[in-house]
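Have a look at the structure below, then the notes.
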Amino acid sequence: MSVTPRIADRVGQLPGYPLAKIPQRKRELLAAGVDVIDLGAGDDNVAPPDIAVRALADALRDPAMSRYGFQLGLPAFRQAVSRYHERRFGQRFDPMTEVLPLLGSKEGIAHFALATCDPGDVAIVPEPGYQCYIGGAVGALAEPHIYPLTPRTDFLVELGELPEDVLRRTRLAFLNYPNNPTAAVAPRDYLERTVAVCREHGIALAYDNPYVEITYDGYRAPSIFEIEGAREVALEFHSVSKSFTLTGWRLGWAVGSAALVTALTKIKSYYDTGPFLAVQAAGAAVLDRAEETVAPVVARYRGRRDAAVAALKQAGFDVAVPRATLYLWVPLPRGVRSAAFATRAMEEEGVIVLGGSAFGASADGFFRIALTVNEARLEEAAARLGKVLARS
Ligand SMILES: Cc1ncc(COP(=O)(O)O)c(C=O)c1O
């Protein structure tokens with residue numbers, strides 16, 4: 001007799017991953033000769049910066065770089081992170097106690113739930129939002145409290161609106177501005193009232209900030225630590241993925257109070273052994289030249305943003321010009337379902353976008369475009385999406 005292992009309930013509680021089925025279908029369409037334009041994942045199609053490639057190549061020749069990194073990682077990376085925060089946001093962090101290297105920010109964000117929530121505690125999860133928020137909450141056996149991001153609040157999570165009994169049980173809130181997928185940005189007064197609510201209720205604030213460098217038209221996105229009192233409650237998550245087009249290298253960092261960093265470090269030491277040291281060496285090189293490295297990345301996205309917005313408007317979409325991120329969050333006319341629209345775009349026109357409902361039911365009515373191809377391809381994609389709209 002054989003007994004099938006039981007799969008934990010939490011596996012069933014996780015909603016399907018929005019990008020899970022797309023790569024396979026894309027391969028099939030390409031094999032069938034379809035001219036696919038993939039605007040799905042936020043993953044640019046350009047080479048990594050030279051400075052990163054050279055620093056990685058040099059580091060690979062040092063045998064010490066092939067050893068376990070552990071949570072300490074490469075002190076030079078911690079120091080470069082600390083210098084970056086001081087230069088960029090005017091905030092000092094001790095490299096050894098207030099910085100933690102991550103295997104990409106995603107794992108740190110998800111694991112942070114284990115460091116802050118006990119079973120049954122509430123974690124505030126914005127919808128639409130990056131999937132590791134709900135994943136982290138469910139993994140920690142916390143109760144995700146879904147907060148719909150809608151135009152009513154300018155896509156901001158207004159913690160002060162939550163019922164008192166929810167706030168009382170809340171241990172963690174995930175926030176992400178500049179936001180994926182809505183491209184919303186957070187005004188300073190919003191951040192101040194959010195930090196105030198977190199301090200009042202002892203809520204840990206996971207401030208997910210991978211798009212802080214991807215901003216346009218004079219807008220400068222802040223670090224949460226520019227807000228007074230944030231150090232008491234927040235851990236901020238950063239990444240080399242988007243700013244420096246190094247998505248596959250899997251390197252990010254957390255920064256914040258020693259107490260929160262220590263708790264996350266302890267959790268992580270049971271799950272992973274830190275990012276590849278040679279990648280951390282490359283990360284240090286890039287961060288020390290962050291301003292010059294990010295400038296061409298932003299310029300490229302700005303050109304694409306302008307081309308895509310103009311072409312989408314011409315194709316009949318009512319799209320706003322985002323001040324940050326590499327995404328457009330495009331409203332659909334009333335009655336057009338986002339899942340059906342995204343499926344038709346892929347199957348009938350070979351354009352891959354993410355329907356809002358892939359991020360959760362409350363995000364229906366929008367679709368997301370990632371600005372990951374050049375202007376000409378974005379214009380072609382917009383024209384094809386216009387045809388789908390006309391038929392919807
Ligand atoms: C909002 C948000 N947070 C975090 C991440 C994860 O970035 P990383 O590559 O550092 O894991 C992403 C990636 O798409 C994201 O959109």
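Note that the coordinates shown come from a computational prediction; the quantities given were computed from them, not determined experimentally. For ligands, and for the atoms within them, numbers begin at 1 and follow the listed sequence.
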- Item | With R169, the side-chain hydrogen bond (donor to acceptor under 3.5 Å, both in side chains) member among E164, E143, H201 | E143
- Identify which one of E98, R231, E86 satisfies the side-chain hydrogen bond (donor to acceptor under 3.5 Å, both in side chains) criterion when paired with Q91.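 Testing Q91 for a side-chain hydrogen bond (donor to acceptor under 3.5 Å, both in side chains) against E98, R231, E86 leaves exactly one candidate, R231.
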- Using 30° and 60° as the class limits, which term best fits the ring planes of H238 and W253: parallel, tilted or perpendicular? parallel
- Message: Which label fits F366 and W329: parallel for a plane angle under 30°, tilted from 30 to 60°, or perpendicular past 60°?
- Response: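 If you compare the ring of F366 with that of W329, the planes turn out parallel.
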- Basic-acidic side-chain contact under 4.0 Å: D288, R83: yes
Within ligand 1, which atoms have a heavy atom of [X] less than 4.0 Å away?
X: G104; value: 10 (O), 11 (O)
X: N176; value: 1 (C)
X: N180; value: 1 (C), 15 (C), 16 (O)
X: S241; value: 8 (P), 9 (O), 10 (O)
X: R250; value: 8 (P), 9 (O), 11 (O)
X: S239; value: 8 (P), 9 (O), 10 (O)

- Query: How does K242 reach ligand 1, by side chain, by backbone, by both or by neither, if only non-hydrogen atoms under 4.0 Å count?
  - Reply: side chain
- Answer side chain, backbone, both or neither: which part of Y211 comes under 4.0 Å from ligand 1, heavy atoms only. side chain
- Message: Could you identify the single nearest non-hydrogen protein atom to atom 12 (C) of ligand 1 and state the distance to 0.1 Å?
- Response: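 Here the nearest protein heavy atom works out to Y130 CZ, 3.4 Å.
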With no hydrogens and no angle check, do the side chains of [X] and [Y] hold a donor and an acceptor under 3.5 Å apart?
X: T247; Y: D43; answer: yes
X: E127; Y: S362; answer: yes
X: D208; Y: Y133; answer: yes
X: Q13; Y: R10; answer: no

Within-cut-off N or O pair, [X] and ligand 1, under 3.5 Å:
X: S105; value: yes
X: Y327; value: no
X: T247; value: no
X: Y133; value: no

- Compare L246, D208, L102 and give the one whose heavy atom is closest to atom 1 (C) of ligand 1. D208
- Query: Got more than 12 heavy atoms from elsewhere within 6.0 Å of CZ, R67?
  - Reply: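 No, CZ of R67 has 12 or fewer neighbouring heavy atoms, counting only those of other groups under 6.0 Å.
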- Has P210 got any heavy atom lying under 4.0 angstrom from an atom of ligand 1? yes
